[in-house]
Amino acid sequence: MDAAVDDTAAKPTSRRIVFWTIGLVLLALAAWRGWAWWQHGEDSRRDRLAAAEQRIAALEERNEALRRDLRAQAQRIQDAAATNRLLRDEVLGLGQRGALLEESVAKLADTSRHGAQALRLDEVELLLSQAAQRLDIADDLDGARRAYALAAGALDGIDDPRLLNLRQTLAQEREAVEALGAGPHAALAARLDLFEQSLAKLPHSAPADPERPTWQRVLAPLVDVRPAQGETVLGSDERASGETALKIELGLARAALERDDDAAFDAALARAEAWLPKLWPPSPALAKGRGELKAMRAAPLRSSAPVLGSTLQQLRALRGARTGVATASVPEA
């Protein structure tokens, strides 16, 4: 009976052992399957990561290739722009050369520029330019008159009725030049010479005053009594220096007149006028000399004639208008 009880107690224990053994085997199997599934997932993740890295590397290579292509395209665009600028400059040069050719053809088509007539007109223009330059630069009226006379002779040799107004204008301009006489420079130089010659005639003593006291008139042959003046230079040495300074100022005025320097001419005459009351006592002759200096300062240094130079301008306008008409007619031909 004890043996039966032991057999009965041993059976449940064997079942529990089998049950736990089966559970452990199942658990081990589940763990192995889980580990296998996790390992497979890790392999898949590594494969996907490697593939992603490969795709990223391929994208980077494509991006770098695109950058190289963009740089190459930018360089080509710059080269094309430079080529376009060069072609544009060449086209502009061709246009300018074409304009020059048209102008040359127009000049050839202008009948006024053929043969002796063209040479005559060129000679007239040159002579009128020289006359204007002589008047503007040196105020040389004699040279300008000779240039105008030569221009008139050359213009009379051209048989063209269209130049009638030009001849009339030239005649008026020659009359205006003749009316100027010797010119302001020569006139002022002559007046300066006359003024310097008149200085030797100025009295060195004041004229007798009938209202002076009797004792002064009695002593006049021995002593000249007159009010002291701060402007009068006393003493022979000082007077000689003052006369030398006055002559220097007159020489500076002549030099400024030759240079056509109005400001220096006025300044020299003003300084010369300041020396007069220091060298000679008041007198009508001295007042006349000072008035002459003031009149010379107010006189103009250059010739003022509104018609001077109008013939040259009219000639150039006439020749330019003819050339323009011929130029406009060339494309239509």
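Worth saying up front: this structure is predicted, and the values here are computed from it rather than measured.
Looking only at side-chain heavy atoms (C-beta outward), Val25 and Trp20 stay at 4.5 Å or farther from each other. Ile22 is not listed as a side-chain neighbour of Phe19, based on a closest heavy-atom distance of 4.5 Å or more. Side-chain atoms of Glu249 and Glu273, non-hydrogen and from C-beta on, never get closer than 4.5 Å to each other.
With rounding to the nearest 0.5 Å, the separation of CZ in Arg271 from CG in Asp266 is 10.5 Å. Once rounded to the nearest 0.5 Å, the distance linking CG of Leu94 with CG of Leu101 reads 10.5 Å. Note that the CD atom of Glu258 and the CZ atom of Phe265 stand 11.0 Å from one another [nearest 0.5 Å]. Leu199 contributes atom CG, which lies 5.5 Å from atom CG of Leu246 (distance to the nearest 0.5 angstrom). Once rounded to the nearest 0.5 Å, the distance linking CG of Leu66 with CD of Gln73 reads 11.0 Å. How far CZ of Arg120 is from CG of Asp122: 12.0 Å, rounded to the nearest 0.5 Å.
The two atoms that bring Gly289 and Phe195 nearest to each other are O-CE1, 3.5 Å, heavy atoms only. Contact record, Arg290 with Leu276: CG-CD1, 3.6 Å, taken as the closest heavy-atom pair. Minimum heavy-atom separation, Ala154 to Val124: CB-CG2, 3.6 Å. The two residues Leu293 and Ala272 come nearest to each other via the heavy atoms CD1-C, 4.1 Å.
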What verdict does the side chain to side chain contact (heavy atoms under 4.5 Å, CB included) test give for Leu269 and Leu192, after you've listed the backbone C-alpha separation in whole Å, the side-chain angles of each residue and the deciding distance to 0.1 Å? CA-CA 10 Å; Leu269 291 184; Leu192 276 175; 3.9 Å; yes
Go through it in stages, so that I can follow the logic: the residues are Leu121 and Glu125, the test is side chain to side chain contact (heavy atoms under 4.5 Å, CB included), and I'd like the CA-CA distance, side-chain angles, deciding distance and then a yes or no. CA-CA 6 Å; Leu121 288 177; Glu125 185 175 357; over 6 Å; no
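Other members of the hydrophobic cluster containing Leu127, listed by chain and number, are Leu150; membership follows side-chain contacts under 4.5 Å among ILVMFWY residues, whether direct or relayed. Under a 4.5 Å side-chain heavy-atom criterion applied to ILVMFWY residues, the cluster that includes Leu126 comprises that residue alone. In the hydrophobic clustering, where aliphatic and aromatic side chains (Ile, Leu, Val, Met, Phe, Trp, Tyr) are joined below 4.5 Å either directly or transitively, Leu252 groups with Ile248. Hydrophobic cluster of Leu59: no remaining members, since no ILVMFWY side chain lies below 4.5 Å from it.
Listed by first and then second residue, the side-chain hydrogen bond (donor to acceptor under 3.5 Å, both in side chains) pairs that reach into residues 34-45 are Glu42-Arg45, Asp43-Arg46, sequence neighbours excluded. Listed by first and then second residue, the salt bridge (charged side-chain N to carboxylate O under 4.0 Å, His left out) pairs that reach into residues 185-197 are Arg191-Glu292, Asp193-Arg254, Glu196-Arg254, sequence neighbours excluded. Within the structure, salt bridge (charged side-chain N to carboxylate O under 4.0 Å, His left out) contacts touching residues 49-74 (residues at least two apart or in different chains) are Glu64-Arg67, Glu64-Arg71.
Residues passing the side-chain contact (heavy atoms from CB on, under 4.5 Å) test with Ala264, sequence neighbours excluded: Ala256, Arg259, Asp261. Judged as a salt bridge (charged side-chain N to carboxylate O under 4.0 Å, His left out), and not counting sequence neighbours, the contacts of Glu178 are Arg145. Among residues two or more places apart in sequence or in another chain, the side-chain contact (heavy atoms from CB on, under 4.5 Å) test is passed with Gln197 by Leu194. Arg134 is linked by a side-chain contact (heavy atoms from CB on, under 4.5 Å) to Asp140, counting only residues two or more places apart in sequence or in another chain. Arg146 is linked by a side-chain contact (heavy atoms from CB on, under 4.5 Å) to Asp142, counting only residues two or more places apart in sequence or in another chain.
In this structure, a donor-acceptor pair under 3.5 Å is present between the side chains of Arg316 and Ser129.
Just one of Leu128, Leu170, Leu163, Leu166 meets the side-chain contact (heavy atoms from CB on, under 4.5 Å) condition when paired with Gln314; it is Leu166.
Glu173 places a side-chain N or O within donor-acceptor distance of the main-chain N or O of Thr311, the cut-off being under 3.5 Å.
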